[in-house]
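We use all heavy atoms of the structure for the numbers below, so side chains are in, but hydrogens, waters and symmetry mates are not. Letters go in sequence order (proteins before strands), and every chain restarts at 1.
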Amino acid sequence: MMTQMPSPPPEELVKQWESEQKRLRQQVVEEDTEDWQRSPDFSGLERVGGVDLSFIKGDEVSACAQLVVLSYPDLKILYEDSHMVTLTAPYVSGFLAFRETPFLLEALQRLKISQPTLMPQVVFVDGNGLFHYREFGLACHLGVLSGLPCVGVAKNLLQVQGVLKDEEHQSQIAALQKGGDSFPLTAASGKVLGKALRSCDKSFKPVYVSVGHKISLGTAVRLTHSCCRHRVPEPIRQADVRSREYLRIHFPATDT
DNA sequence: GCGACAG
DNA sequence: ATCTTGTCGC
């Protein structure tokens, strides 16, 4: 198998993307805006969404865009949409949104047209929100462009604004006693950009939660914990499982 | 030159 | 993101 060198991202495009993030960043709402967010048990919350994209192994541009809506607090599937898409933007760390957002917005649009009453009241996004180089990750991008409350949940720590994954970070992880415990991810500026959360008792590796849009960090962390049966919150996990299942069925692995 | 690099 | 089997445990 011949290896393919990753094509360098056009610096001109990256500059354009940076200014776009800077512009949209101003529209992020970092506070709770919904009544259910103020409730101790999230009374009034009935539908939580999850989005994800899964890829075919050797293909850089074909992917299955997935949107799921689960009931709350039962976390049962209410809606599912798997849709093959052709990506145009390359993956560049810090600019994930330009690669994925268009297709996630399309999925939300299809839902709005076909089953408007099932529109989620909050969407869990596979990736960071404010915990980002310019405080505008995928969860913020999707939140601002859709107008929906969004929570960013990353499975791996991104070293940004002075946040490091050093021995200190490791010791803080070791100090998390049970599901729901967390510690802040503080930028050099002093601002708390997100929190490392032990999402459930059985999981020791934390997930990194940050504000996407229209929700406070404290609420985002509390809600994420309440949606975790496994390490990854159920909406994102279901979106991941179902999108990969779709690819397995429609694009079976080829031998030779 | 070396390390980092959400998905 | 994807490459990858079995294995240990509930």
Side-chain angles (χ1 to χ4, degrees), chain A residues 1-9 14 17-18 21 50-67 82 84-104 107 123-143 150-167 169 185 187 193-197 199-212 220 224 229-233 235-237 239-248 251-255:
Chain A
M1 186 66 77
M2 188 175 72
T3 58
Q4 176 60 53
M5 294 294 287
S7 53
V14 170
W17 282 350
E18 281 187 352
Q21 291 180 327
V51 292
D52 190 31
L53 258 66
S54 285
F55 299 76
I56 300 176
K57 53 182 179 182
D59 198 325
E60 282 290 290
V61 300
S62 296
C64 175
Q66 187 78 33
L67 167 63
S82 305
M84 289 306 297
V85 299
T86 300
L87 306 190
T88 57
Y91 168 67
V92 181
S93 181
F95 303 93
L96 176 64
F98 293 94
R99 181 169 165 80
E100 304 192 347
T101 298
F103 309 101
L104 300 181
V123 178
F124 280 91
V125 179
D126 198 354
N128 296 304
L130 290 180
F131 186 59
H132 177 271
Y133 305 106
R134 289 163 294 280
E135 297 182 22
F136 197 73
L138 175 59
C140 296
H141 209 120
L142 183 65
C150 287
V151 176
V153 180
K155 297 181 290 295
N156 293 98
L157 179 70
L158 187 61
Q159 297 194 145
V160 300
Q161 298 190 34
V163 177
L164 306 172
K165 54 178 172 190
D166 49 16
E167 45 288 299
H169 182 75
L185 301 172
L193 300 180
K195 285 192 174 183
L197 168 73
S199 60
C200 64
D201 292 329
K202 295 188 180 69
S203 180
F204 293 85
K205 181 177 180 179
V207 290
Y208 300 95
V209 181
S210 61
V211 170
T224 297
R229 291 178 171 173
H230 302 285
R231 185 170 85 107
V232 175
I236 291 177
R237 182 168 170 278
D240 179 74
V241 168
R242 289 163 192 260
S243 58
R244 293 201 302 199
E245 168 77 349
Y246 183 92
L247 292 181
R248 185 178 69 71
F251 299 89
T254 62
D255 284 313

Can you tell me the distance, in whole Å, between the [atom1] atom of [X] and the [atom2] atom of [N]?
| X | N | atom1 | atom2 | answer |
| --- | --- | --- | --- | --- |
| F204(A) | dG9(C) | CZ | P | 14 Å |
| K205(A) | dA6(B) | NZ | C1' | 12 Å |
| D59(A) | dC3(C) | CG | P | 12 Å |
| R244(A) | dC3(C) | CZ | C1' | 12 Å |
| E100(A) | dA6(B) | CD | P | 12 Å |
| Y91(A) | dT2(C) | OH | P | 13 Å |
| R99(A) | dC5(B) | CZ | P | 19 Å |
| W17(A) | dA6(B) | CH2 | C1' | 14 Å |

[X], nearest nucleotide to its side chain (from [options]):
| X | options | result |
| --- | --- | --- |
| F55(A) | dT2(C), dC5(B), dA6(B) | dT2(C) |
| K57(A) | dT2(C), dA6(B), dC5(B) | dT2(C) |
| S54(A) | dT2(C), dC5(B), dG7(B) | dT2(C) |
| L138(A) | dG7(B), dA6(B), dT2(C) | dA6(B) |

(request) Nearest-nucleotide wise, let me know which of K202(A) and L247(A) is further upstream toward the 5' end of DNA chain C. (result) L247(A)
Categorize [X] for me: base, sugar-phosphate, or nothing, with a 4.0 angstrom heavy-atom threshold over every strand shown.
| X | value |
| --- | --- |
| N128(A) | base |
| K165(A) | sugar-phosphate |
| F98(A) | nothing |

[Y] side chain reached by [X] side chain, heavy atoms, under 4.5 Å:
| X | Y | answer |
| --- | --- | --- |
| V123(A) | V51(A) | yes |
| K205(A) | N156(A) | yes |
| R237(A) | R229(A) | no |
| D126(A) | K155(A) | yes |
| R231(A) | V207(A) | yes |
| L185(A) | H169(A) | yes |
| F251(A) | D59(A) | no |

(request) Report the relative orientation of the aromatic rings in H141(A) and F136(A); use parallel for angles under 30°, tilted for 30 to 60°, perpendicular for over 60°. (result) tilted
(request) Check the angle between the aromatic planes of W17(A) and F95(A) and answer parallel, tilted or perpendicular using the 30° and 60° thresholds. (result) tilted
(message) If we ignore hydrogens and angles and just use 3.5 Å, is the side chain of Q21(A) paired with the main-chain N or O of G94(A) as donor and acceptor?
(response) yes
(request) Take S93(A) and Y133(A) through the side-chain hydrogen bond (donor to acceptor under 3.5 Å, both in side chains) test and state the conclusion after the steps. (result) CA-CA 10 Å; S93(A) 181; Y133(A) 305 106; 3.2 Å; yes
(message) With rounding to the closest Å, how many angstrom separate the C1' atoms on dT2(C) and dC5(B)?
(response) 16 Å
(request) Name all stems that contain residues of DNA chain B, defined as runs of 3 or more consecutive Watson-Crick or G-U wobble pairs, both distances under 3.5 Å. (result) none
(message) Using a 3.5 Å limit for the pairing distances, which stems of at least 3 consecutive Watson-Crick or G-U wobble pairs does DNA chain C take part in?
(response) none
(message) Please determine whether a side-chain nitrogen of the Lys or Arg among R242(A) and D52(A) lies less than 4.0 Å from a carboxylate oxygen of the Asp or Glu.
(response) no
(message) Let's see if you get this right: which residues in residues 152-162 of chain A place a heavy atom under 4.0 Å from DNA chain B?
(response) A154(A), K155(A), N156(A), L157(A), L158(A), Q159(A)
